[in-house]
Novice: 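The structure is given below, and queries will be raised subsequently.
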Amino acid sequence: MKGILTAALVLALAATAHADEYEEHDYLLSCSGCHRADGSGSRLVPSLHEMRELAGLPGARQYWVQVPGAAQAPLSNERLAALLNWLVERFAGTAPSPRYTAGEVERLRRAPLRDPIAKRRALLSKAVRPKASP
Ligand code: HEC
């Protein structure tokens, strides 16, 4: 009996530990090949640290799901939502509010962006900048 309880406890702990690692693991497998482990990217792939420029801008939340690398990742809606919550907090410096849910991700990823670079430019152009002094 004691052995069975111990085995059940070990399995439960293992399952918990695994769940906590999903985001980093999914990032490693699905994203880091292009974005690198530290998110710094390369000549052709933007650094995820630049997500800070977009944080808080209208449309950024949707854009981050609809970039092809995210929208088309081989991850369930639940796992992609969890990964994006982790990613935004880590790289944009602030947790998404409200947090992404599987339902929101499912709706957005049905329409991946055809021209993410133009979309990013459009988002930035709407940013309120201090007016130049006359
Ligand atoms: C095949 C290479 C590749 C993979 C794999 C990839 N990405 Fe990307 N990612 C890009 C490129 C290139 C861009 C720039 C926009 C574009 O051309 O899609 C980008 C842009 C982004 C952006 C926008 C950042 C910003 O501030 O403009 C986010 C967020 C992002 N990727 C998340 C992810 C996530 C999450 C994954 C993994 C599930 C992932 N990417 C996998 C290549 C990739």
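Throughout, residue positions are numbered sequentially from 1 according to the sequence presented. Counting convention: from 1, in listed order, for ligands and their atoms alike.
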Novice: May I ask whether Gly33 places a heavy atom under 4.0 Å from ligand 1?
Specialist: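 Gly33 does not count as a contact of ligand 1 under the 4.0 Å cut-off.
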Novice: Heavy atoms only, cut-off 4.0 Å: how does Leu54 contact ligand 1, side chain, backbone, both, or neither?
Specialist: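 Under 4.0 Å from ligand 1, Leu54 contributes side-chain atoms alone.
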Novice: Of the backbone atoms (N, CA, C, O) and the side-chain heavy atoms from C-beta on, which set of Arg120 has a member under 4.0 Å from an atom of ligand 1: side chain, backbone, both, or neither?
Specialist: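 Only the side chain of Arg120 comes within reach of ligand 1.
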Novice: Under 4.0 Å from any heavy atom of Val67, which atoms of ligand 1 are there?
Specialist: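 Here the atoms of ligand 1 in question are 21 (C), 22 (C), 23 (C), 28 (C), 30 (C), 31 (N).
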Novice: List the steps and the verdict of side chain to side chain contact (heavy atoms under 4.5 Å, CB included) for Glu53 and Arg120.
Specialist: CA-CA 10 Å; Glu53 293 174 9; Arg120 188 179 209 281; 3.2 Å; yes
Novice: So for ligand 1, is Ser30 a polar contact partner (N or O within less than 3.5 Å, distance only)?
Specialist: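 No, there is no polar N/O contact under 3.5 Å.
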Novice: For ligand 1, which atoms sit closer than 4.0 Å to a heavy atom of Pro46?
Specialist: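 Listed by number with element: 11 (C), 13 (C), 14 (C).
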Novice: Side chain or backbone of Leu80 under 4.0 Å from ligand 1, or both, or neither, by non-hydrogen atoms?
Specialist: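 No part of Leu80 is near ligand 1 at this cut-off.
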Novice: Taking all atoms of both residues into account, what is the closest heavy-atom pair of Ala81 and Ala102, and its distance?
Specialist: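 Shortest heavy-atom separation between Ala81 and Ala102 comes out as CB-N, 3.9 Å.
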Novice: Quick one: does ligand 1 sit under 4.0 Å from the side chain of Pro116, the backbone, both or neither, non-hydrogen atoms only?
Specialist: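 Only the side chain of Pro116 comes within reach of ligand 1.
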Novice: Could you list the atoms of ligand 1 found under 4.0 angstrom from a heavy atom of Leu48?
Specialist: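 The atoms of ligand 1 under 4.0 Å from a heavy atom of Leu48 are 28 (C), 30 (C).
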Novice: Can Glu23 and Arg90 be counted as an ion pair, charged N to O under 4.0 angstrom?
Specialist: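 Between Arg90 and Glu23 there is no salt bridge, as every charged N stays at least 4.0 Å from the carboxylate O atoms.
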Novice: Under 6.0 Å from the six-membered ring centre of Phe91 and within 45° of its axis: does the NZ or CZ of Arg52 meet both?
Specialist: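 No, Arg52 and Phe91 do not form such a contact.
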Novice: Using 2.8 Å as the threshold, say whether any N, O or S atom from His35 sits that close to atom 8 (Fe) of ligand 1.
Specialist: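 Checking atom 8 (Fe) of ligand 1 against His35, an N, O or S atom does fall under 2.8 Å.
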Novice: Tell me, please: is Tyr27 in heavy-atom contact with ligand 1, that is, under 4.0 Å?
Specialist: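 So Tyr27 does not count as touching ligand 1.
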